[in-house]
Structure formats: structure tokens, C-alpha cells
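Report on the following structure.
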Number of protein chains: 2
Amino acid sequence: MNLKQLSLMLELSQTTVSRALNGYPEVSEETRRRVTDAAKRHGYRPNPSARRLATGKAGMIGYVMPTGASVDIDPHFVEFLSGLGDYARGHELDLVLSPADAQDEETTYRRIVANKQVDALYISAPYNADKRVALAHQLGIPFIVHGRSEGLDFDYPFIDIDNEGAFHDATRLLVQLGHKRVALINGDDTQTFAIFRERGVRRALAESGLVLEPKNIRSEIMTEENGYRAARRLLEGPEAPTAIVCSSLLMALGIVRAARDLNLSMPRDLSLVSHDDVFHWLKPEHFSVPLTTTRSSIRAAGARVAERLAARISGLEDGARGEVWPVDLVVRGSISGAR
Amino acid sequence: MNLKQLSLMLELSQTTVSRALNGYPEVSEETRRRVTDAAKRHGYRPNPSARRLATGKAGMIGYVMPTGASVDIDPHFVEFLSGLGDYARGHELDLVLSPADAQDEETTYRRIVANKQVDALYISAPYNADKRVALAHQLGIPFIVHGRSEGLDFDYPFIDIDNEGAFHDATRLLVQLGHKRVALINGDDTQTFAIFRERGVRRALAESGLVLEPKNIRSEIMTEENGYRAARRLLEGPEAPTAIVCSSLLMALGIVRAARDLNLSMPRDLSLVSHDDVFHWLKPEHFSVPLTTTRSSIRAAGARVAERLAARISGLEDGARGEVWPVDLVVRGSISGAR
DNA sequence: GCGGCAATCCAAAGCGCTTTGAAATGCCGT
DNA sequence: ACGGCATTTCAAAGCGCTTTGGATTGCCGC
């Protein structure tokens, strides 16, 4: 069932039928009703390829997915997908994933934009002066950044959480509990979220005349193993920290294991605060010692990204508004006063 | 730069240019060379929407993603995505994710097929007599199932691992070590992988005249929390099992925590074997007691799925061939002889 | 009764590609 | 020199939609 057949059986022109269906004003309410009724009754659905060819609009959003033999997709990504689904599900909005060589994402960006495969882009885990953001901006395709990128000479729309504030507050709490030697086990510090977090820790320490010593800061891909290694190195050295702030539950898992291996009990010998992105499959309250966390749901952010992307596509949103979401600080058993 | 412009500047018809570019035989080698040269030189790229409208081919593969307020996307999915990227990256093959209400995936399946949005479908985590598989079969769209579905009255192409064999071998090893009370903490037992695994355990036990008692089998969504709960329940009861086989590292995490809470030491008081899907962010060899696992990389399967899907799209593969991959049994410190 | 203005509706021209059916072209043997 | 046969090329017709520019209709005031 296509437009032609439908217009034939309604004895109307394709123009009118098309307009009726797409809500144009130059069609009487009665005809519109007739048309929409018939369309529903016969299960007419406009062919997206044809529509796309005619309009240039795809009705899809895109994500360039960096891949490579030694590139692993971050498990946080499924949380984002769940959130995207929360919104997109009811809106017939699809996401196209374009795998790209992590060394050369630009080619893929150019391809999907030139091909008009998608109407808008999602960009995640930005670096400072992020090339992809600059490219999307330059190519003139709508996009939203999940996170922030500093050092770009233009504004852009984004959604981010208050990483600096969260880590500042967590650190301040530890300091107030009497901790003097606080360490940070961070994620990849070329990414902006990690930079902001480090900034937050430093600022909180500075407010009490303390500093984050170079040896007390580690930055690695956020895996259990890296958390373990970083913690071992920190805790075995002289003047070991009495409190650790870390960027992911995955790393926290490794830190807990390291503490156990070293016979340090939590929170007596070591206080730990982790950031929690809210995984359904791993929860801080279920650690052997329930974890104090800074908490912000990636899933919620995913839904919001989808919503704003949809708004930008349909022209309801423009401009370069940035949203910064506050982060909860949830206190549980893994912290206590310094000995 | 479109076909028309290109053909104009080559002083050839669009027909010839199109044919030259698509490798049709009725064009002389010399013209073909001229055409491909010019195309490359001017960076000509056929507009996919137009091509799709004309041919009905989309050049994309689809995945209907079940979502819902209480539906969480499985973290295993990112591993699949990594694998898909491994293959698709070099082939300009994109994946479109269509979020669907988990209660009603059929509508979405029909939509994307009717719209010709994708050339082939990926179906994962099947149930027995899986509706989606039946639907895809009936709609006549190429697809590949990741896993197997029993009770369908037709054959279909799939890729699966030997779940039954893996769990059989793991259980047999435990039995050979003298364990009489073996428990299984499985994933959602409406999914076929879980059914096969249970079958493997039962068969191995039966071979030694043992049985899997109802109280010794648990089946839940594979999260840390569920692993913990199931293990507590098993281990606190009378005649607690001396060995557990479980379906995921995530659950193993919870099982280890439960054992620790109950002051059971591994492997002295409890032997544990887990299935390992090979996550880069959580490795069995880095558990406090290194875990014995049945191992099979989802990522590798993802790459293979992409490869076969591409082959089916281009007509290089047809028929209903199923692949069953063997599973490694990797022995580490978490098992020992029964006390 | 008529010009003028909305309100409706329509035919036809794209969008950029593939593919059908037909027309050139070149070459062969006779 | 000419019919016959490949080989190579082409014009034009879709694919199914949107949208431009016009045509038609109905209704108003005068």
C-alpha cells in the first residue's frame, strides 16, 4: 500500500493525501479525517527511503562507534542504550551504529553525514578540543555531546553531570572526616570527565591546605584489573593514602580486592568513595562493605539525549544549551574517620 | 557530486556509469577504468537513499532492542558490539538499533521489515519456539540467530556455543573431584542457553548416578545481586552443595561475596566454576581466588555474526547452516577435591 | 452580478539511483 | 557490399515520496 494507491482509492491527489498525513494546513479538517482514517484502516505507512530521498531527512540518529582490535566498548554504553530506548521506543526513533576505526573516525563521520544517513549525531566521552565535536559543528549536522569538551572556540549543546562538584564534595567529606592523604584512581585522563573529577578533588583538598600528590593519582581505563593494580601500588608504598576516591564501580571492585589482599579492612584502614553510573548488574550497596558513592544514572542521561536529539531534528530545539546535572552523594559504610 | 553530474562530465549516460561502478559486464574495460578513475577523483559516492529506493537494499543490518522501564540491556551486549565492529568496520556495514517495547517486539519487527530499513536481522538470546525467529522466517528477511531455539518447525541459520557440552564437562570435572552435591546458578531459564546448560549439568551428574536436586538449581537474571542471593540460599540450607556451577562472572562475583560472608573459603569449602563470556573489564583470573571457567568469547561470535550476515545480504550464503562453537574449560584455583 | 480573496485541491517536477528495452557500433564471414 | 551477431552504449521509465506553482471552488462585499 503506497501513496498512489491510497490517493487513488480516496479519489484525491497524492499531494493532498501527503499533506493531510503530514499535518499541513491547506487541507480541510474533513478531508484530513477521511485520509487519516483510510490510512490507518489500510495500514498505510510511508516508505522511509522515498521520504528520505525527497526530504533528505532520515528519521534516525547516529553514533560513530570507535572500534579496533585493542579497543573495547565500554560497558557503560549499555546503560546509555537502555536510556535511549526509554525515550526512543515510543517515538519510532532508531539509532544507527557506524563502527569506525578508532584511529580514523573522521572518515566515518564524513560518510554518514554526506550520505544523509542520519539526522543528528550523538557524541560521547569527549576529549578536550574534541575533533569529532569540531567536525560535527563544521559539517553542520545537529548533534549533542554527552559530556563536555573544553578548548573549542564555539558553543555546542551538551548534557553532562557535575563531575567536578561530585568529586569535590566526596573529597571534602573525606577531609572533614580527618583524612589527610587522599588518593584518586581515575579513568582515562585524556577524557574530560576525568579531568573535571581530578579538578574537583584538588579543589577540595586545596580548601583545607592539602594537595593531591602526583604519586596519589592514577589514571587508567576503568576495569577491575586496573583498579586492583592502582590500589596495590598506592597502598603498598610509604605514606599510603587513608582514603581513595575512584571513578567507577569496576575499579572499586579491584580496589576492594587489593585491600583484602593487603589485609586492610574497610573502612577502618581505608575509606573508599566511588562514582556510580548506576548499573543494574552491579550495585554499590551490595559490595561486601557497602560503598559510599557519587551517583548519577547514565541511563537517565541517555533518555534525555534521545529526547533532545529528537527535538533538534524536528526543529523544536536549537542553540547551544548545555545541561549540567547535579550528582548525588550517597553515604554508606565504606568511609569513616581517619585513624 | 551525483550520478548525473558525473555522467555529464564523462560524456556517458547514467546507465553506463552506474553499470561501470557496479561491476556489470556489459561495459568495456576501458570505460570502466575511465569511470572509476573519475569517480574516485571527484569523490563521488552514490546516495544511499536513492539507491535504496531503487533497489530496496539498505546496506544495514538491524537489531530490535527490547526495552522498557524494568528492562535492562545485558552488559554482554557491548561485547557483541565490539565483535560486530571488528568485522563491520572495514565493510561500511552499519547496525541499526530499533528500540521496541519488550512486550511487543512484533510491531517493530514488522515495521523495519516493511520499511526495508535493513537487509538482514540479528536475533539474540532466543527462547524456545522463539516468536521473533518464526516471524523473521515468515517475513522472509535474512537473519541469523545468536543462540538456538528448539521447537521450531523449520531450520534457520544460527551461531551458538556448545553450552551443554561446556557445562557437562565442567560438572564432570567436579564430580571426578569427588563432589556429590553440585548446584547450578543459572541465567533466565526461559532462554535456551540456560536450558542447554542445565541439560549439560544433569547429564554429567547422571553419568555418575547423581541428580541435580530441585533445591540445587537457581535461575535468575545474571547480576551480582542475584548471584549473591542464590548462593546464600543454597549455602545456608542443610546439605549445602560443595560445588557450584554458574552462568556468568557477574553472578560469580555475588557467589564469592556470599561465600565470604558465610566464612566459607574457596576452594576448600566450596568449589566454583563459572561461564566466562570474556569481558575486558572483569576477568576470572583476577578474582581473589582465580576462577575456573568455561570460556567463549562473545566478541568473536559478534564478528562472525556480522560476517555471515554480510554474506547472506550479498547472496554468498544461504540455507540454514548452524554453527556450534566448542567451549574452553580453563582450570584455575577455584576448584579442588571435595572434603 | 461580479471582482477579489481564502480555502482547497491538484498535476507535475523533482530527489538520485537502477534497470529495461532498444539503438548504435564494430567486426565477421560470405 | 551486406546480413548477422556481439559488444557497447543510451534514453526513459520506474522506485514512493514531497513540494512548487497553479487551478478550482466557494463566499464575501459592493
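Everything numeric here is computed off the predicted structure, so don't read it as measured data. Below, each value reflects all heavy atoms present in this structure, side chains not excepted, and no hydrogens, waters or symmetry copies.
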Whole-Å distance separating the CD atom of A/Q5 from the C1' atom of D/dC17: 14 Å

Whole angstrom value for the distance that separates C1' of D/dA11 from CG of B/L3: 14 Å

Cationic N near anionic O, under 4.0 Å, A/D86 to A/R304: no

Value in whole Å for how far the C1' atom of D/dA13 lies from CD of B/Q14: 12 Å

Under-4.0 Å side-chain N/O to phosphate OP1/OP2 contact, A/T15 with C/dC10: no

Pair A/R148 + A/D160, salt bridge at N-O below 4.0 Å: yes

Pair B/E92 + B/R45, salt bridge at N-O below 4.0 Å: yes

Aromatic ring pairing B/H137/B/F154, orientation class (parallel under 30°, perpendicular over 60°, tilted between): parallel

Nucleotide C/dG21, atom P - distance to CD of B/E26 in whole Å: 14 Å

N or O in side chain of B/Y24 less than 4.0 angstrom from D/dT7 OP1/OP2: no

Strand contacts (DNA chain C) in residues 47-58 of chain A, 4.0 angstrom heavy-atom criterion: A/L53, A/A54

Whether B/F158 and B/Y156 hold their rings parallel, tilted or perpendicular, with breakpoints at 30° and 60°: tilted

Separation of D/dT18 P from A/K4 NZ (nearest whole Å): 16 Å

Worked check of ring-ring contact (aromatic ring centres under 6.0 Å, His included) between B/F80 and B/Y122: CA-CA 11 Å; B/F80 172 80; B/Y122 161 64; 3.9 Å; yes

Distance in angstrom units between B/L12 CG and C/dA24 P, rounded: 17 Å

Side-chain N,O (A/N2) to OP1/OP2 (D/dC15) below 4.0 Å: no

Phosphate OP1/OP2 of D/dC10 contacted by B/T16 side-chain N/O (<4.0 Å): yes

Phosphate-side-chain proximity, B/S18 and C/dT18, N/O vs OP1/OP2 below 4.0 Å: yes

B/T31 or A/P46, whichever maps to the more 5' nucleotide of DNA chain D: B/T31

Per A/R19 side chain, nearest of listed nucleotides C/dT18, D/dC10, D/dT20: D/dT20

Whole angstrom value for the distance that separates P of C/dT8 from CZ of A/R33: 12 Å

d(CG, A/L21; P, C/dC9) in whole Å: 14 Å

Touch class at under 4.0 angstrom, heavy-atom based, for A/E11 against every strand present: sugar-phosphate

N-O pairing of B/E79 and B/R299 below 4.0 Å: no

